[in-house]
Amino acid sequence: MPVDLELITETAKALYLRALRLLPPDVKAALARAHARERQPRAREILGTMLANLDVAETRGLLVCQDTGTPVFRVRVGRGFPIDALGGHEIAQALAQGVRRATAEHPLRSSICHPLSRANPQTNTGWRIPVVDWTFGPDGDALELAMMPKGSGSENMSFLRMLPPAAGVAGIKRFVLDCVLEAGGKPCPPTIVGVGIGGTADLCMKLAKEAIWRPVGEPHPDPELARLEADLLEAINMTGFGPMGLGGDTTALAVMVEAAYTHITQNPVAVTLQCWRGERAAARIHADGRVEHGY
Ligand code: SF4
């Protein structure tokens, strides 16, 4: 049966629920590695509790954390996907409907409210929420959906600085470390640290956000950026904040950088933190209605 909007809604619902219940294998493996090498007894115990929490959530169909987050979708439209027949606006509405359905049927806590009145429609949706980020690919017949319920404790720890070019790479490193020091235990460490470098202010933050979608443990293909990631990870873990900020060797599971060229008078840096639960889920919906699930 060819793809239709109902299939997109049901897939969006399934992705939201799966992302809240199951961690991607790369994040689980990173937590297990951190647990195995942690030297501080209390930090080891906290990491062990996190791993046990994952098992309970998985076996009993519970949420890993009470925060249902801000629903974020990345959508990549393949050239052969029938977007004209379905309509881009209608697909965005189908994604929001999937979020509302998951919220009503699970049921989930609604974490989304009006920015001024703070009125909560109890749907986890509202103006411009879910966040939907579109890209259009040159090939393929699929609509690729990736979903992240971005936790608030970590999202509140987002930073942007327009550094002067003279600050150089040293300035970039100092800013990232300052952000991690300011965040302390608030983003529920060990975190996945997303860093955006270059572009304009908005693109720079988008790059930091893009970085945290990459599987943990996968270095940037550019060797210079990969070296920067490794240097920053080592420095961040030397702070000793540790799991949940209570001391230990593992303050971050990974640092991931994305970069763009920038203006000769600018040196923008953005930092976004993803909490230990690092939740995300993905699916590929083909034009013929087949759905493949992954991360
Ligand atoms: S920051 Fe993450 S782990 Fe902490 S409360 Fe929010 S969603 Fe949960």
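For clarity, every value in this text was computed on a predicted model and none was experimentally measured.
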Is any side-chain heavy atom of Leu95 less than 4.5 Å from a side-chain heavy atom of Met147? no

Applying salt bridge (Lys or Arg N to Asp or Glu O under 4.0 Å), run through Glu10 and Lys13 and close with a yes or a no. CA-CA 5 Å; Glu10 276 298 304; Lys13 177 185 103 176; 3.4 Å; yes

Give me the atom names and distance for the closest heavy-atom approach of Gly194 to Ala211. CA-CB, 4.1 Å

Salt bridge or not for Asp133 and Lys206, using N-O below 4.0 Å? yes

If the threshold is 4.0 Å, N to carboxylate O, is there a salt bridge linking Glu6 and Arg101? yes

Evaluate whether atom CD of Gln93 has more than 12 neighbouring non-hydrogen atoms of other residues, nucleotides or ligands under 6.0 angstrom away. yes

Donor-acceptor under 3.5 Å (Ser154 side chain, Gly151 main chain): yes

Grouping I, L, V, M, F, W and Y whenever their side-chain heavy atoms are under 4.5 Å apart, do Leu253 and Met256 come out in a common cluster? yes

Worked check of side chain to side chain contact (heavy atoms under 4.5 Å, CB included) between Leu31 and Leu54: CA-CA 11 Å; Leu31 283 167; Leu54 298 183; 4.1 Å; yes

Does Arg21 reach the main-chain N or O of Gly61 with its side chain, forming a donor-acceptor pair under 3.5 Å? yes

Kindly work out whether a path of hydrophobic side-chain contacts (I/L/V/M/F/W/Y, heavy atoms less than 4.5 Å apart) joins Val180 to Val255. yes

I'd like to know if Asp84 pairs up with Arg79 as an ion pair, taking the criterion as any Lys NZ or Arg NE/NH1/NH2 lying under 4.0 Å from an Asp or Glu carboxylate oxygen. no

Check Pro243 against Glu38 and note the closest heavy-atom contact, atom names and distance. CD-OE1, 4.2 Å

Please tell me whether Val271 and Trp213 are part of a single hydrophobic cluster in this structure, the criterion being side-chain heavy atoms less than 4.5 Å apart. no

Short side-chain to backbone donor-acceptor contact, Asn156 and Pro187, under 3.5 Å: no

For the pair Val169 and Leu228, evaluate side chain to side chain contact (heavy atoms under 4.5 Å, CB included) and give the outcome as yes or no after the intermediate values. CA-CA 9 Å; Val169 178; Leu228 179 61; 4.2 Å; yes

Within the structure provided, determine whether Met244 and Cys188 are in side-chain contact (heavy-atom separation under 4.5 Å). yes

Report the C-alpha distance between Thr68 and Leu20 in whole Å, list the side-chain angles of each, state the deciding distance to 0.1 Å, and finish with yes or no for side chain to side chain contact (heavy atoms under 4.5 Å, CB included). CA-CA 7 Å; Thr68 48; Leu20 289 168; 4.3 Å; yes

Nearest non-hydrogen partners of Thr125 and Pro130, listed with the distance: CG2-CD, 4.0 Å

Among Leu143, Leu145, Val3, Leu7, find the residue that satisfies the side-chain contact (heavy atoms from CB on, under 4.5 Å) test when tested with Val291. Leu7

Any side-chain heavy atom of Leu273 sitting closer than 4.5 Å to one from Cys179? no

Report whether Ile192 and Leu51 are members of the same hydrophobic cluster (ILVMFWY, side-chain heavy atoms less than 4.5 Å apart, transitive linking). yes

Given 3.5 Å as the limit, does a donor-acceptor pair link the side chain of Thr262 with the main chain of Gly199, or not? yes

Got a donor-acceptor contact below 3.5 angstrom from the Asp141 side chain to the His286 backbone? no

Using side-chain heavy atoms (C-beta onward) and a distance below 4.5 Å, is Ile91 in contact with Phe81? yes

Heavy atoms, side chains only, cut-off 4.5 Å: are Gln40 and Ile46 in contact? no

Distance, nearest 0.5 Å, that separates CD of Gln274 from OG1 of Thr191: 9.0 Å

Are Glu45 and Arg42 within salt-bridge range, i.e. N to O under 4.0 Å? no

Rounded to the nearest 0.5 angstrom, the NE2-CG distance for His293 and Leu22 is 11.5 Å

Any donor-acceptor pair under 3.5 Å linking the side chain of Asp67 with the backbone of Ser152? yes

Where is the tightest heavy-atom contact between Ile212 and Lys209, given as atom of each residue plus distance? CG1-O, 3.1 Å

What closest approach, in Å, do Pro121 and Cys113 show between heavy atoms, and which atom pair accounts for it? CD-CA, 4.4 Å

Under 3.5 Å, is there a donor on one side chain and an acceptor on the other for Gln97 and Thr9? no

For Gly198, does its backbone N or O pair with a side-chain atom of Gln266 as donor and acceptor, under 3.5 Å? no

Just how far is it from atom CG of Asp231 to atom NZ of Lys173, taken to the nearest 0.5 Å? 4.0 Å

Side-chain contact test, heavy atoms from C-beta onward, threshold under 4.5 Å: evaluate it for Ile8 versus Leu86 and give yes or no. yes

Between Leu177 and Ile236, does a side chain to side chain contact (heavy atoms under 4.5 Å, CB included) hold up when you go through it step by step? CA-CA 7 Å; Leu177 279 177; Ile236 288 168; 3.8 Å; yes

I need the Leu246 CG to Phe241 CZ distance, nearest 0.5 Å. 11.0 Å

Indicate yes or no: at least one non-hydrogen side-chain atom of His220 is less than 4.5 angstrom from one of Glu258. yes

Under a 3.5 Å distance rule, please check whether Glu229 uses its side chain to pair with a backbone N or O of Val257 as donor and acceptor. yes

May I ask you to establish whether Arg18 and Tyr295 are in a cation-pi arrangement, using a distance under 6.0 Å from NZ or CZ to the six-membered ring centre and at most 45° from the ring axis? yes

For residues Leu5 and Leu15: do they belong to one hydrophobic cluster (side chain heavy atoms under 4.5 Å, members Ile, Leu, Val, Met, Phe, Trp, Tyr)? yes

Considering all heavy atoms of both residues, which atom of Pro149 and which atom of Tyr16 are nearest to each other, and what is their separation? CB-CE1, 3.8 Å

Is the number of heavy atoms from other residues, nucleotides or ligands within 6.0 Å of CE (Met238) greater than 12? no

For Asn124 and Ser111, indicate whether the former's side chain and the latter's backbone hold a donor-acceptor pair under 3.5 Å. yes

Spacing of His35 atom NE2 and Thr250 atom OG1 [to the nearest 0.5 Å]: 10.0 Å

Nearest-0.5 Å distance that lies between atom CD in Glu105 and atom CG in Leu17: 8.5 Å

For a 4.5 angstrom cut-off between non-hydrogen side-chain atoms, does Ile129 reach Pro71? yes

